[in-house]
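In what follows, a single structure is set out as structure tokens and then discussed.
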Amino acid sequence: MVLFYKKQDAAQRGKFITFEGGEGAGKSTQIKLLMARLQAAGLECICTREPGGSPGAEVIREVLLSGAVHAHGPEVEAMLFAAARADHIDSVIRPALAAGTWVLCDRFADSSRVYQGEAGVDKQTIENLQRIAVDGVEPDLTLLIDVPAELGLKRVNKRSQDGPDNAPDRFEKDSLETHQRRRQLFLQIARENRERFAVIDGSRHANEVEEQIKKVVSMRFEAELPSSLEYERASLPNAAAKRGGNTPKNNNRGKRRRGRKR
Ligand code: T5A
């Protein structure tokens with residue numbers, strides 16, 4: 001099955017767009033808004049996430065975000081992120097792309113480069129794991145939603161007051177300095193891969209962030225989009241997109257930990 005998908009004509013496949021950034025940058029908020037726009041433009045589109053996105057990978061997500069493997073060190077965490085990614089790609093991402101469906105993914109391999117890289121896993125080990133995990137599936141566009149670490153954490157901390165399901169996970173509990181280093185690493189990777197990345201200012205109002213993303217996606221995929229990504233907000237096709245404004249995520253942390261964003 002997998003071999004069949006690999007032989008698909010790349011020109012006929014759907015586009016693969018990844019969202020990256022630090023904690024509380026607004027990725028989950030914006031991914032839903034973009035999906036609504038793409039669907040309104042007439043595209044088949046799914047929204048997924050990492051770690052997770054497939055039944056097997058969601059099990060690994062639970063283990064990773066609970067902190068259960070933290071004590072085994074960053075190399076072991078890196079291996080588990082890669083294992084989750086391999087399952088996600090084989091069972092969800094590759095088949096969708098092969099069917100012409102656009103895939104929007106909340107975090108992907110760059111998160112491993114940043115988080116596990118910052119934690120001390122050497123670059124070559126990370127790239128070796130990624131090569132095995134992604135097996136040729138690379139994003140067509142990566143949107144780096146950039147916010148100062150202080151702002152992202154402020155948003156996450158505010159959300160954590162909504163209840164126990166929103167308690168900070170293993171990575172959110174790291175120090176401010178760690179989050180700041182991660183931000184710089186994301187920006188460095190973006191500078192080194194300018195043809196794939198677009199850096200979005202995530203510190204602005206969610207509507208303005210959405211506008212920036214719409215412009216980038218419209219320009220990047222001008223030839224592939226069946227119609228414009230412009231539409232009246234009132235005509236948005238689903239509730240997630242209607243929300244807009246500053247109240248993005250449905251604040252269901254249980255879903256974040258255990259459920260699927262698809
Ligand atoms: N990880 C992941 C690795 O270490 N290696 C890997 O390879 C991978 C794939 C995943 C963790 O795993 C690590 C990284 C992560 O620490 P997660 O739960 O998926 O954990 O964490 P995040 O992806 O960071 O999810 P967050 O919810 O924390 O961040 P988002 O999705 O960027 O932010 P969002 O949209 O949920 O918004 C957060 C809050 O801010 C508000 C929202 O309403 C929400 O309350 N908000 C805004 N407020 C004001 N203005 C705006 N523009 C706003 N946008 C959103």
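Note that this is a predicted model, so its numbers are computed, not measured. We count ligands from 1, going down the list as the structure has it; atoms in each ligand are counted the same way.
- The closest non-hydrogen atom to atom 48 (N) of ligand 1, taken over Lys32, His88, Gln30, Arg155, comes from Arg155.
- Counting heavy atoms of neighbouring residues, nucleotides and ligands inside a 6.0 Å radius, atom CD of Glu208 exceeds 12 of them.
- Contact between Arg204 and ligand 1 is present, with at least one heavy atom of the residue lying under 4.0 Å from the ligand.
- Among Phe81, Phe19, Phe171, the residue whose heavy atom lies nearest to atom 1 (N) of ligand 1 is Phe81.
- Residue contacts with ligand 1: Leu65 is placed with no nitrogen or oxygen under 3.5 Å of a nitrogen or oxygen of the ligand (distance criterion only).
- For Glu222, the CD atom sits in a loose shell: 12 or fewer heavy atoms of surrounding residues, nucleotides or ligands are nearer than 6.0 Å.
- Taking a cut-off of under 4.0 Å to the non-hydrogen atoms of Ala206, the atoms of ligand 1 that pass are 52 (N).
- Within the listing of ligand 1, atoms 28 (O) sit less than 4.0 angstrom from a heavy atom of Glu172.
- Considering backbone and side-chain N/O of Glu50, none are found under 3.5 Å from N/O of ligand 1.
- Using bins of under 30°, 30° to 60° and over 60° for the plane-to-plane angle, the ring pair Tyr115/Phe171 lands in the perpendicular bin.
- There is a side-chain donor-acceptor pair under 3.5 Å between Glu192 and Gln188.
- Of the listed options Arg61, Arg49, His179, Arg61 places a heavy atom closest to atom 19 (O) of ligand 1.
- Gln130 and Arg113 form no side-chain donor-acceptor contact under 3.5 Å, judged by distance and modelled atom types alone.
- When each atom of ligand 1 is checked for a heavy atom of Asp169 under 4.0 Å away, the hits are 18 (O), 20 (O).
- Annotation: Pro51 places no N or O atom under 3.5 Å from an N or O atom of ligand 1; distance criterion only.
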Next on the checklist: Using salt bridge (Lys or Arg N to Asp or Glu O under 4.0 Å), reason through Arg37 and Glu210 one step at a time and then give a plain yes or no.
Outcome noted: CA-CA 10 Å; Arg37 278 193 188 276; Glu210 188 193 6; 3.1 Å; yes

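- Inclusion of Lys27 in the set of residues having an N or O under 3.5 Å from an N or O of ligand 1 is warranted.
- For the pair Glu58 and Arg49, the salt-bridge criterion is met [side-chain N within less than 4.0 Å of a carboxylate O].
- Here is the list of ligand 1 atoms found below 4.0 Å of a heavy atom in Gln116: 3 (C), 4 (O), 5 (N), 6 (C), 7 (O).
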Next on the checklist: Test side chain to side chain contact (heavy atoms under 4.5 Å, CB included) on Asp169 and Arg61; report intermediate values, then the result.
Outcome noted: CA-CA 11 Å; Asp169 65 37; Arg61 175 185 176 91; 5.8 Å; no

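- Neither side chain, Glu75 nor Gln116, offers a donor N or O lying under 3.5 Å from an acceptor on the other.
- An N or O contact shorter than 3.5 Å links Ala25 to ligand 1 by distance.
- Across the listed options Glu23, Arg159, Glu20, Arg159 owns the non-hydrogen atom lying nearest to atom 27 (O) of ligand 1.
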